[in-house]
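In this text the structure is predicted, and so the values were computed from the model without any measurement. Below, each value reflects all heavy atoms present in this structure, side chains not excepted, and no hydrogens, waters or symmetry copies.
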Amino acid sequence: MTLELGFRRYLRLPDWIQTGNGEPRKAHFLGKKEATPVEKPDQGRNNDNAPQDQDTGKYRKLTSIRMGEVDDAMRYFMSQLVASPAEGWVARNYFCQLPVRQQTEQQSPLVFGRVRTAFPSDGNVHNIKQMEMYFPNAVTSPDLLLVRRSNILLQDPIYSYCVGVKMYLSEAEVADFSQSENIFVEKGFAPIYEDGYIDLLDLNEHNHSSRLWLNVIGSEWFASIPDSVQPEIRERLRDLADWNKVILNYHPRRHSLRYLSLNDELDFNYEFTRHYLLTPQDTNQTLLKLEQIFEGIFIQGMS
């Protein structure tokens with residue numbers, strides 16, 4: 001039995017943005033509010049004549065970062081990431097792996113983190129004068145780093161990544177997301193399309209840890225599954241929820257009279273069952289919730 005994944009290649013750079021298919025609407029789910037980044041207080045202004053690695057209280061020193069910390073962060077997040085569409089592209093919410101100049105023997109020769117902002121603007125790393133990155137922390141919210149062009153070894157390989165989102169969609173549902181796909185990429189998310197279900201059948205308690213955290217399931221896609229397999233797929237989707245994977249049920253209004261939502265299919269009922277799925281009605285709502293949910297995951301640390 002062959003597993004076929006519907007990977008798409010991104011041909012548009014993130015700065016070529018198309019309009020999505022509708023204005024965001026407020027989600028009906030009344031759940032816990034996602035966490036937002038909390039920066040450490042700035043205890044002083046930056047001095048242009050100060051050493052490049054001076055700790056002002058706002059930024060963590062690059063010289064304090066150890067290789068073991070970078071290894072831990074990369075192991076934790078790399079299984080969730082997809083190579084960005086342009087090599088060396090630096091943009092807000094992208095993850096980057098940068099080789100840096102070592103000022104001490106103990107300093108890591110690499111930094112890895114999620115971009116907060118770049119100056120003068122998003123673009124190729126060679127055009128960036130300085131950038132702020134969130135460096136993942138083992139037990140608390142990420143540290144904020146200031147990385148200048150002079151810190152980066154530009155002659156060495158530089159990698160950037162988007163967060164992967166597994167999308168189980170019908171052909172018509174894929175067409176919806178294709179219209180705004182580059183908006184997802186611009187925001188740091190890479191859709192990975194799947195029209196089959198075999199990988200869900202192979203899912204178990206021993207291999208689920210390697211799965212992507214973020215999943216979008218189309219109601220029309222679920223309805224297309226053969227009746228003989230639907231009970232097992234229902235069980236696997238319930239398992240994903242139990243294993244704390246994020247599931248968003250893409251359920252546009254045109255589906256209302258034709259297909260059940262996943263909450264109905266899985267017997268999820270808000271405030272009466274342990275799980276209840278968000279059901280975005282368009283691609284803009286889907287992206288909005290993905291941004292909010294992943295921000296909450298990232299800011300809580302790697303514990």
Apply the test side-chain contact (heavy atoms from CB on, under 4.5 Å) to residues K289 and Q285: give CA-CA distance (whole Å), side-chain angles for both, the deciding distance (0.1 Å), then the verdict.
CA-CA 6 Å; K289 297 314 296 183; Q285 288 183 0; 5.6 Å; no
Pair Y134, R116 - check side chain to side chain donor-acceptor pair (under 3.5 Å), show working.
CA-CA 7 Å; Y134 287 116; R116 179 179 186 267; 3.1 Å; yes
If you apply the rule side-chain contact (heavy atoms from CB on, under 4.5 Å), what do you find for E132 with K58, and how did you get there?
CA-CA 11 Å; E132 291 181 325; K58 179 178 181 180; 3.7 Å; yes
With side-chain contact (heavy atoms from CB on, under 4.5 Å) as the test, would you mind laying out the steps for L212 and I192 before giving the verdict?
CA-CA 10 Å; L212 291 178; I192 302 172; 3.9 Å; yes
Apply side-chain contact (heavy atoms from CB on, under 4.5 Å) to residues L98 and M131 and explain how you reach the verdict.
CA-CA 12 Å; L98 304 173; M131 57 193 292; 3.9 Å; yes
Go through the steps for R254 and D176 under the test salt bridge (charged side-chain N to carboxylate O under 4.0 Å, His left out), then give the verdict.
CA-CA 12 Å; R254 68 175 185 270; D176 293 343; 2.6 Å; yes
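Nearest heavy-atom pair across S219 and H251 is OG-ND1, 2.6 Å. Taking every heavy atom of both residues into account, Y94 and E186 meet most closely at CE1-O, 4.2 Å. In terms of heavy atoms, T286 sits closest to L248 at O-CD1, 3.9 Å. Shortest non-hydrogen contact noted between R60 and I65 is NH2-CA, 3.7 Å. In terms of heavy atoms, I128 sits closest to A118 at CD1-CB, 3.8 Å.
For the salt bridge (charged side-chain N to carboxylate O under 4.0 Å, His left out) test, no residue two or more places apart in sequence or in another chain qualifies with D264. For the salt bridge (charged side-chain N to carboxylate O under 4.0 Å, His left out) test, no residue two or more places apart in sequence or in another chain qualifies with R92. Shown here are the side chain to side chain donor-acceptor pair (under 3.5 Å) partners of S160, two or more places apart in sequence or in another chain: S84. Residues passing the salt bridge (charged side-chain N to carboxylate O under 4.0 Å, His left out) test with R101: none are found, sequence neighbours excluded. Not counting sequence neighbours, the partners of N127 by the side-chain contact (heavy atoms from CB on, under 4.5 Å) test are N124. Legend: residues meeting salt bridge (charged side-chain N to carboxylate O under 4.0 Å, His left out) with D242, ordered by chain and number and at least two apart, are R274. Under the rule for a ring pair (Phe, Tyr, Trp, His ring centres under 6.0 Å), the partners of H275 that lie at least two apart in sequence or sit in another chain are F268. Under the rule for a side chain to side chain donor-acceptor pair (under 3.5 Å), Y197 has no partner lying at least two apart in sequence or in another chain. The side-chain contact (heavy atoms from CB on, under 4.5 Å) test applied to E87 returns no partner, not counting sequence neighbours. Residues that satisfy the side chain to side chain donor-acceptor pair (under 3.5 Å) test with E171, not counting sequence neighbours, are absent from this structure. Residues passing the side chain to side chain donor-acceptor pair (under 3.5 Å) test with Q230 are R234, sequence neighbours excluded.
Residues Q80 and Y161 bring no donor and acceptor atom of their side chains to less than 3.5 Å of each other. For the 3.5 Å distance criterion, the side chains of T104 and Q107 fail to qualify, holding no donor opposite an acceptor. Of the N and O atoms on the side chains of T283 and S180, at least one donor lies less than 3.5 Å from an acceptor on the other residue.
How far CG of N269 is from CD of E271: 9.0 Å, rounded to the nearest 0.5 Å. For the atom pair K187 NZ and N182 CG, the distance stands at 12.0 Å (nearest 0.5 Å). Atom CD1 of I233 is separated from atom OG of S228 by 10.0 Å, given to the nearest 0.5 angstrom. To the nearest 0.5 Å, the span separating CG on L278 from CG on L262 amounts to 12.0 Å. For the atom pair CD (Q300) and OG1 (T140), the distance works out to 12.0 Å, reported to the nearest 0.5 Å. A distance of 6.5 Å separates CE of M302 from CG of N137, quoted to the nearest 0.5 Å.
Two different hydrophobic clusters hold L146 and L153 under the rule that ILVMFWY side chains link at heavy-atom gaps under 4.5 Å. Hydrophobic clustering (side-chain heavy atoms under 4.5 Å, transitive across Ile, Leu, Val, Met, Phe, Trp, Tyr) keeps Y259 apart from Y250. No path of Ile, Leu, Val, Met, Phe, Trp and Tyr side chains, each step under 4.5 Å between heavy atoms, connects F119 with V125, placing them in separate hydrophobic clusters. Residues V70 and V115 are members of one and the same hydrophobic cluster, defined by side-chain heavy-atom contacts under 4.5 angstrom among Ile, Leu, Val, Met, Phe, Trp and Tyr. In this structure, L260 is not a member of the same hydrophobic cluster as L266, with clusters built from ILVMFWY side-chain heavy atoms closer than 4.5 Å.
Formation of a donor-acceptor pair under 3.5 Å by the N93 side chain with backbone atoms of G188 is not found in this model. The closest donor-acceptor contact from the side chain of N263 to the backbone of L277 lies under 3.5 Å. With hydrogens and angles ignored, the 3.5 Å screen pairs no side-chain donor or acceptor of R148 with any backbone N or O of Q130. Side chain of N249 to backbone of I217: a donor-acceptor contact under 3.5 angstrom is found. Here the side chain of D202 pairs no donor or acceptor atom with the backbone of N207 at under 3.5 angstrom.
Listed by first and then second residue, the ring pair (Phe, Tyr, Trp, His ring centres under 6.0 Å) pairs that reach into residues 277-303 are F77-F298, F95-F298, sequence neighbours excluded.
By the 4.5 Å heavy-atom criterion applied to side chains, R238 and D267 are counted as neighbours. When side chains are defined from C-beta on, I297 counts as touching V246, because their heavy atoms get closer than 4.5 Å. In this structure the side chain of L240 never reaches within 4.5 angstrom of the side chain of H208, judged on heavy atoms. Side-chain contact between R114 and E295: present, with at least one pair of heavy atoms (C-beta onward) separated by less than 4.5 Å. Using a 4.5 Å heavy-atom cutoff, the side chains of I158 and P99 are in contact. The shortest side-chain heavy-atom distance between L203 and D199 does not fall under the 4.5 Å cut-off. When side chains are defined from C-beta on, E173 does not count as touching V216, because their heavy atoms never get closer than 4.5 Å. Inter-residue side-chain proximity for S209 and S79 is flagged as unmet; no heavy-atom pair is nearer than 4.5 Å.
More than 12 non-hydrogen atoms from other residues, nucleotides or ligands lie less than 6.0 angstrom from CD of Q155.
No close placement of the F177 and Y193 rings is indicated, their centers lying 6.0 Å or farther apart. Aromatic rings from F189 and W213 are positioned such that their centres are separated by 6.0 Å or more.
Ring geometry for W221 versus Y168: interplanar angle of 30 to 60°, hence tilted.
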